[in-house]
Every structure is written in C-alpha cells, then in structure tokens.
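What you see is a predicted model; the values in this text were computed from it and never measured. Convention: sequence-line order gives letters A, B, ...; per-chain numbering from 1.
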Number of protein chains: 2
Amino acid sequence: MRESGKGLVTVAVEKEIRRGRTNVRANVRQIPGPCAHWNDQDADFIRETLDLVGDKWSVLIIGTLSDGPVRYSDLAYAIPGISQRMLTLTLKQLQRSGLVDRTAYAEVPPRVEYSLTALGKSLLTTVLELAAWSADRQTEIRRHQDTYDTRNA
Amino acid sequence: MRESGKGLVTVAVEKEIRRGRTNVRANVRQIPGPCAHWNDQDADFIRETLDLVGDKWSVLIIGTLSDGPVRYSDLAYAIPGISQRMLTLTLKQLQRSGLVDRTAYAEVPPRVEYSLTALGKSLLTTVLELAAWSADRQTEIRRHQDTYDTRNA
DNA sequence: CTGAATCCGCATTGATACTG
DNA sequence: CAGTATCAATGCGGATTCAG
C-alpha cells in the first residue's frame, strides 16, 4: 500500500498553523466519525482485498478456475483481451495471497496448471454474490447512468 | 469501458492467418470455455461494477454514508488521505450510477449533503460481506504473502 | 463551503520481442 | 508451452489555483 499519509484536512490544518493559528478544528460541530462498520485499520485491509479482487482480471481468472485446474495457455484462450503480461502478473498476485495454486509438471513441453485453493474458493463464493448483485441491478444502474448523462449533455 | 477488443489469442490467430494458415484452432483439445458462472456479456458488467466499487475510495465513501446524510466537507474529514479531486470525482461516479443522492441546500454558505440511495444501501450490504470475508481471512492471507515473499527474497 | 480547472508525476497496462 | 524483458502510452491521482 502506497500510503500518501496526509490528505485534504491535514494539509489545510497545517496551513492554518503556519499562519499562526492553532486549535483550528476545536469548536467545529460534531466530527462525523470515519465509518460505523470498520476502523481505519480494517479499512486499509478492505482496500487491499479490493485491490486484489477489484482489478481488471482477477475475478475473471478466479471464475475461470472455478471448475478445476486450467493450464496457462487455456486461461489465455478463456479470457478474451488479457495480455500475457497481465495474466502472469495477476496469477502471481493471486498465488502470493494464497488464492491460487500453481502446479508445474516436469514434462516436455512444459505444462503448468492453476487451480483455486480452499481460500480461493471461499472468495469465489463471495465474489459470486457480488456478481449476482451486479446482474440483478444491471438495468437499474444503466438507467440511472443514462438519465444522468442525458441530463448533463 | 475501454474495449481493447482483441487480446492474446486473437492476435496470435491473426498472425497465423497472415502466414497463410487457416482453421488454426480447429484440432486443438477441448476449449475450456470462458467461465461457468457468467457469459462474456455479464463479465463486462461485472467488471464495470468492480470498477465502480473496487477503486480506491468508493467503498470508504459508501461506508461513511451508511449512517445517514453527510456533508461534503465532513466526508473530507472522515476519510483520511482523500483529495478534493477524488472526493468530487468519486461522488459524481456514485451519483451517476444511482448509488448516492446529492442534495444541495440554497443557503449561504452553501450546504450539500450526500446520502445513500436504496440501491447504494443494497451495495453496502454486499460490500460488508466482502469486508467480513477480508477480516476473517486477514491473518491467513498475510501469512501466505509473507511466506511467498520470503521464499522469493 | 463546494466545488471546477489545470498541470504533472508516476504507476499501471499493453504490445512486442525474446528465452528456457 | 510458459513465461521474462523492455519500451511506450494511457490515465489515475495529487497538489494547486480559481470560481460561484
């Protein structure tokens, strides 16, 4: 995680302090509190998880692996539009986090199969729910977007 | 969506065709089929949804809005590290897709409140499940990553 | 207060060529 | 077959400034 550290607020406050003021945010109204569902630390990890699953290819790879081991080249065939580079990189990421297993057979020509680990399968379940949500709301979301776009034409 | 269209396979096949060969992928073994859980069209929309929810800030904003309407400046305070640009942009995206409502009060100084729509709340529910998954597997994932990293030091 | 507009560095990604 | 290496381009995201 690339921690930028200070954002909008911090910078603004530092400016005020440079101007000789202190206790800048003393008598402001209720600070709304970050979020009811997770603390800042959890938020970081949620983002890490989303970085893992929320990128362009991870979900498609996981979905393709759901039926059992698949070879590298077959993944390339099964996932249209992916480049070798991204396929390799994403697989490595997933493997690093323990979601995917890599098995290389010492044959010639070489054969490498990728499969979901138990952890990966548990994520598949969760991701499928998100996918279901997407499918269910698809038309509704598109309608909203169209309305918004035409209104701001 | 920036459709690159053709990927690894298409390009390779086109090359073969240019060399005068045809029916390149005729007698290859079983094509593994894209994915059992969705078709190519669904995959696109799932990716759009992930683009919406999988970016750096959307989830944090949605989580912060879960307790009710929040003002623009309070969102900036509540979400550490976000810049004005990204706050505005992300809110606009969410609003465009119908996940967030924007209410501007004609006062001076101006006041604008953002809140979750029903659609947004339903996404919150789904996302919270993913968050729960993250929290549950956090240590396991970290352990995998550490092992992988040290092994490839 | 709530943004919009601009500039710009840098990370991500894709295309291509090459290797064991 | 299963990658790696390298380069180029795109675009995200941050900082800053301006505006209503």
Exercise for the section: Indicate whether OP1 or OP2 belonging to C:dG14 is found under 4.0 Å from a side-chain N or O atom of A:W57. Expected result: yes
Handout entry: Interatomic spacing from OG1 in B:T90 to CH2 in B:W57 - rounded to 0.5 Å
Key = 8.5 Å
Practice task
Look at the side chain of A:S97 and the backbone N and O of A:L94, then say whether any donor-acceptor pair between them is shorter than 3.5 Å.
Solution key: no
Problem - Minimum-distance nucleotide (side-chain atoms of B:R85 versus D:dG13, C:dG14, C:dT2) - result: D:dG13
Exercise for the section: Looking at every strand, decide which applies to A:Y114 at a 4.0 Å heavy-atom threshold: base, sugar-phosphate, or nothing. Expected result: sugar-phosphate
Handout entry: Short side-chain to backbone donor-acceptor contact, A:S115 and A:G68, under 3.5 Å
Key = no
Handout entry: Distance in angstrom units between B:E113 CD and C:dG3 C1', rounded
Key = 16 Å
Exercise for the section: Specify the separation, in whole Å, of atom CG of A:L87 and atom P of D:dG3. Expected result: 8 Å
Practice task
Counting heavy atoms from C-beta on, name the nucleotide in D:dG3, D:dG14, C:dT2 closest to the side chain of B:M86.
Solution key: D:dG14
Practice task
Specify the separation, in whole Å, of atom CD of A:Q84 and atom C1' of D:dT6.
Solution key: 14 Å
Practice task
Using the side chain to side chain donor-acceptor pair (under 3.5 Å) rule, take B:Y114 and B:T103 through it: C-alpha gap first, then chi angles, then the decisive distance, then the call.
Solution key: CA-CA 6 Å; B:Y114 292 90; B:T103 313; over 6 Å; no
Exercise for the section: Could you give me the CA-CA distance, side-chain angles and deciding distance for A:R111 and A:E113, then say whether salt bridge (charged side-chain N to carboxylate O under 4.0 Å, His left out) is met? Expected result: CA-CA 7 Å; A:R111 179 165 58 102; A:E113 284 186 346; 3.2 Å; yes
Practice task
Ignoring backbone atoms, establish whether A:S73 has a side-chain N or O less than 4.0 Å from OP1 or OP2 of D:dA2.
Solution key: yes
Practice task
Identify, residue by residue, the members of residues 91-103 of chain B with a heavy atom below 4.0 Å from DNA chain C, and return them in order of residue number, or none.
Solution key: B:K92, B:R102
Exercise for the section: Using atom types as modelled and distance alone, determine if a side-chain donor or acceptor of B:S58 lies under 3.5 Å from a backbone N or O of B:G54. Expected result: no
Practice task
Find the distance B:R111:CZ to C:dT2:C1' and express it as a whole number of Å.
Solution key: 13 Å
Fill in the blank from the handout: Rounded to whole Å, the CD1-P distance (B:I61 to C:dT2) equals 14 Å
Fill in the blank from the handout: A:D74 atom CG is separated from D:dA2 atom P, nearest whole Å, by 8 Å
Exercise for the section: Take the protein atom CG of B:D55 and the nucleotide atom C1' of D:dC12, then report the distance between them rounded to whole Å. Expected result: 10 Å
Problem - Donor-acceptor under 3.5 Å (B:S122 side chain, B:L119 main chain) - result: yes
Practice task
Report the residue (B:P110 or A:V112) whose heavy-atom-nearest nucleotide on DNA chain D is the more 5′ of the two.
Solution key: A:V112
Handout entry: side-chain N/O A:K56 vs C:dT12 OP1/OP2, d < 4.0 Å
Key = no
Problem - Distance below 4.0 Å between A:S83 side-chain N/O and C:dT13 OP1 or OP2 - result: no
Practice task
For B:I82 and D:dG13, give me the distance from atom CD1 to atom P, rounded to whole Å.
Solution key: 10 Å
